[in-house]
Amino acid sequence: MRVGTGVRTTHRHFGGQNVYRVAYLYRLSVLLLLSLLTGSTSAMQAPLSHSTARSWRAELTQSWDVLGPFPIHAREQHFLSPSFPINVAEPINFTSTWPSAYADNGRVGWTKTQASPQGDLSISFRNIRWTDLRATEGWAALQHHAVLHTNLTIYPPPGANGASPAPRLLVQLIQGSYITIVPASVGSVSSSPPEWHAGNIYEMERTLPRAIELPTPPSSTGPTTYHVFVSGDYEIRLFGDPKRNAPTQSIKLTIDVEEPSDSAVLEPTQDVLCDFLDGFAFGDALGLGVRSRGGWWTVSDAVLASKSDGFDVELLRNTTIAPSQTRIVPLHIVQTAPFRKSTLTIKLTLSSETQTKPLTLSASLPVKHLPAWSTNNLSAIMGSYFYAQEMPTLFVAFPPLLDNIKNQNSQPPILCLHGAGVDIVSSSMMIDSLAPQQHSWLVTPSGRTPWGLDWHGPSAKEAWNSVDALVTIVAANPAWHARQLTAGTPVVLMGHSNGGQGAWYLASRFPDRVRGVIPAAAYVKSQAYVSLSMSRSGHFIDPAARAILESSLTPDDNDLFLSNLVDTPVLAIHGGNDDNVPVWHSREYLSVLQTWNPDANVTFREDARQPHWYPSVLKNAQVQAVLDNILQASTQRHPRSKIFTLTVAVPSESGSLHGWKIERLSVPGRLGRLTVHTLADNQLRIVTSNVDRFSVLGDAWEGFASLQVDNSALEISPELLNSDVVTFESDGRRAWKISAQNLKAPSQVSARIQSFLSTTAPFRLIVLDNTSSRDTSLALRIAHDLNVYHRLDAEIILGYEAFQDQLASGITGNILIIGDAASPALAKLLENPQTSFRAENNRLAIRDATFDEAGLGILFLHPHPQNADAQMLFLLSTDASGLERAGRLFPIRTGVTVPDWVITSSRADQVGAAGVVGAGVWGTGWGWNEAMSWLY
Ligand SMILES: *[C@@H]1O[C@H](CO)[C@@H](O)[C@H](O)[C@H]1NC(C)=O
Ligand SMILES: *[C@@H]1O[C@H](CO)[C@@H](O)[C@H](O)[C@H]1NC(C)=O
Ligand SMILES: *[C@@H]1O[C@H](CO)[C@@H](O)[C@H](O)[C@H]1NC(C)=O
Ligand SMILES: *[C@@H]1O[C@H](CO)[C@@H](O)[C@H](O)[C@H]1NC(C)=O
Ligand SMILES: *[C@@H]1O[C@H](CO)[C@@H](O)[C@H](O)[C@H]1NC(C)=O
Ligand SMILES: *[C@@H]1O[C@H](CO)[C@@H](O)[C@H](O)[C@H]1NC(C)=O
């Protein structure tokens, strides 16, 4: 199969242009990434050759070898070797068999399948008695892992006499977990462990192919063959319920080639631009996708191609792009007069240390103009703002039907969260499924991407930020003031499917900012959606270690936080015949909520015989009636029950309930609870569990005469009554002291590795050893994944010195450190240990354990050197295979169980999380946390 030629690609287009023309020939022997990074050859911009005869060609064999199925639970492939049970660094025996509990007689071997000429693969195992397995184990039994293998052949340009630079691969793997390319002469030449690259498992829109360097240079005189291995993992969440059929993985792989060259290109599919309303941009953020085809490029200027009175763009920040990296360059829109052209053309200036002449790229963006608002002519509008200071981000909103001039009090907006796979940028499905409101805005955030982080972490932050951005945008233009909102406005939450789950999540974590919640077709938590019972690691792991790993799921477990919703109006909706999220999930939400308070203001609407999605799910008379009630009552806080309990897992990711807020836990990793009893005679009694510090807003306890917290009777002095915030600090076992100060000591920002994604500014990915091509490759892989999965921006920095230079000018965002556990630079960074990890005689140590065994991958969160609201993540290893293991635990997807720190070993390749040799959650102030730690 020809998967890629010089001028034609067969990979799928994601609504964008085909920009991968690979006929530039102008640089010699840039075989390794390293030489790319340091290359000093001055390149000449050669004209585009239209002769395919001059370019490299990649050919994937259509026939595939398939090994499987093996039972695993969702996301277990991140701990296991993606090629489990085989080792691809050794010659493969295609006649051997391996144990598998799914197969008759308990063993499976290699079989063959055929891909379509377009690269579509359909993987199913029809000789497995799936019906019997699912009869007892349900969906958990359908989840499985398989290893897929084929050959890739690289042909040099015909007639080339060894002068053509080696190409890199541009790979699109859709719905596969991981891919690696290894030399065909396995076992003889390469002893280097394979580099695994994550696929686009969610088939996310507008995803660029991934650049992969060939593991060995191809021959420039004849064809060279490589092995391709893919980890194929069936998940109900990806492929759905197969009903009576065998579960079938639909994977697509296409591989193209590109010759590296010292240049940069625009990537228009990555551009970000808001709509214009009566000539005015609905937001101030604009983004332009730029990819380096080779060399380090810095975008240092941006100007309009033709001047426009009262309209301009400004580069927000000089943006440095690593070889093969794509970044979205942030531009600030400055506008004082209408702009009515149909395209916006912007010239970017890029410079490179290896090029004397700057490069100019000219980007043309189509502008969508909407007419001025009038009562009968309103439409959905796309707005933009900078997420995390510099990342241009879109949301879609629909204005209130009526002006608010007469009715001064605008009503809270309705924040509606989409389901998994729904792209608000290319489809209006979400906003169209809501009824416009008389006095309320409808806001549908992107969630970062169609999957994002299931509306937790950065996706949750983005949901709030989209509302705040809308407030700012509307306030900025007097013509829009009739539809103004109040800063910090509370919201009504709605959502469907994953977004229904997200609505429960946001409402129960930020109850004081939510006036009501209408979640539809929501699941409770991932482990309840498909159970982890067929886990491979579960057969090997110490349950005590498993408990610590799984504590990283606690912040996601919506059922545990329903105590926070006893006073919030809820209308839960679910189709009675939902075959995607079973209806029992919503019934269970109600059951749990009513256990906390039988009088909770919660209504359940089960739409008999309806499936997962139906057009009236969020648009019907009952929804409108409930919305009307909530919106009418929205100026006041909810009435407060006589007893209520605030439950918190991560204080830094949680808001207050009736003004009460848990600021710090005694044992991070365990749940914290605060129960407030209102007694007769204006007495308040508070009972805490695992709380070290909490606060209350002054007005929340107005009218109370006395206060008992656990064993402490506290006096409410006039000073306390008059202060805005009162803080309670633990003072011995179940004893408390009270303070009128708002102790703004930062709460712990960590809790699990995933919290690293919640950055306040673009990430810095630091490669400590600037000569390590594998470490640099991992940084590029992570930068690519951050963009694909979360539209989060990252800058790559090579070397300890370069990192120190950047620190000198200030870094606010989260910092990832990639390096060798024995590196002297690491020892310097850990000179004054701030966690329990220290560097000792070129070895990493924690407590009385030191780590120098081959194959270890080590991840730990660490305080940020300059910003108390940010953090660092160290991603270290004792060798290349350990680095690969650590890299797969970087928190790109939900449901991978990694707490604040983890050390994984080569045993994980076969036994998954049971190969972990240590893991834990940091204590208060980043200290050792005995209760939540496990060491081998
Ligand atoms: C491959 O596996 C088969 C079956 O286990 C065995 O008989 C054969 O010797 C193996 N071949 C090699 C080269 O190891
Ligand atoms: C891959 O190439 C080898 C060597 O030419 C061949 O024996 C094997 O059958 C090929 N595999 C597939 C899946 O085509
Ligand atoms: C970007 O770099 C240019 C040239 O190095 C410099 O003049 C300019 O001030 C920088 N701009 C920003 C926004 O940092
Ligand atoms: C209403 O809006 C549409 C485009 O959204 C526009 O074509 C039309 O002219 C507008 N009508 C009025 C009366 O403004
Ligand atoms: C539930 O909340 C709604 C909206 O605030 C309110 O109108 C209604 O009276 C409440 N019902 C009960 C039983 O408290
Ligand atoms: C790596 O860092 C050292 C020390 O700053 C520097 O001298 C060297 O040029 C750098 N090498 C590369 C490949 O960037």
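For ligands, and for the atoms within them, numbers begin at 1 and follow the listed sequence.
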Thinking salt bridges, do Lys252 and Glu203 make one under a 4.0 Å N-O criterion?
no
Is it the case that the side chain of Asn601 and the backbone of Thr568 share a donor-acceptor pair, with hydrogens and angles ignored and the cut-off at 3.5 Å?
no
Can you list the ligand 2 atoms lying under 4.0 Å from a non-hydrogen atom of Ser63?
13 (C), 14 (O)
Main-chain N/O of Gln910 paired to Arg536 side chain as donor or acceptor, under 3.5 Å
yes
Under 3.5 Å, is there a donor-acceptor pair between the Asp628 and Gln632 side chains?
no
For ligand 2, which atoms have a heavy atom of Lys112 less than 4.0 angstrom away?
13 (C)
Numbered atoms and elements of ligand 5 in range of Ala633, under 4.0 angstrom, heavy atoms:
5 (O)
Strictly distance-based, threshold 3.5 Å: is any side-chain N or O of Thr224 a donor or acceptor partner for the main-chain N or O of Ser219?
yes
Report yes or no: do Ser641 and Asp567 form a side-chain donor-acceptor pair below 3.5 Å?
yes
Under a heavy-atom criterion of less than 4.0 Å, does His227 contact ligand 2?
no
Distance from atom 6 (C) of ligand 1 to nearest protein heavy atom, with residue and atom:
Asn93 ND2, 4.1 Å
Which of the atoms in ligand 1, numbered in the order shown and given with their element, are less than 4.0 Å from a heavy-atom of Ser96?
1 (C), 2 (O), 5 (O)
Asn105, CG atom: more than 12 neighbouring heavy atoms under 6.0 Å:
no
Asn629, portion touching ligand 5 at heavy-atom distance under 4.0 Å:
both
Suppose we measure from atom 12 (C) of ligand 5 to each protein heavy atom; which comes out shortest, and what is that distance?
Asn601 ND2, 3.4 Å
Atoms in ligand 2 flagged as close to Asp65, the criterion being non-hydrogen separation under 4.0 Å
13 (C)
Starting from atom 4 (C) of ligand 2, which protein heavy atom do you reach first, and at what distance in Å?
Asn151 ND2, 4.5 Å
Ignoring hydrogens and angles, state whether a donor on the side chain of Ser83 or Ser81 is under 3.5 Å from an acceptor on the partner side chain.
yes
Atoms of ligand 5, numbered as shown, that sit under 4.0 Å from any heavy atom of Pro569:
2 (O), 4 (C), 5 (O)
Under 3.5 Å, is there a donor on one side chain and an acceptor on the other for Asn151 and Thr225?
no
As a test of understanding, state which of Thr647, Asn597, Thr645 forms a side-chain hydrogen bond (donor to acceptor under 3.5 Å, both in side chains) with Ser563.
Thr647
Test item: protein heavy atom less than 4.0 Å from atom 14 (O) of ligand 2:
yes
Verify atom 9 (O) of ligand 1: protein non-hydrogen atom under 4.0 angstrom away
no
Check ligand 2 against Thr61 and write out every atom of the ligand that is under 4.0 Å from a heavy-atom position of the residue.
14 (O)
Ignoring hydrogens, tell whether any protein atom lies closer than 4.0 Å to atom 2 (O) of ligand 2; use the non-hydrogen atoms only.
yes
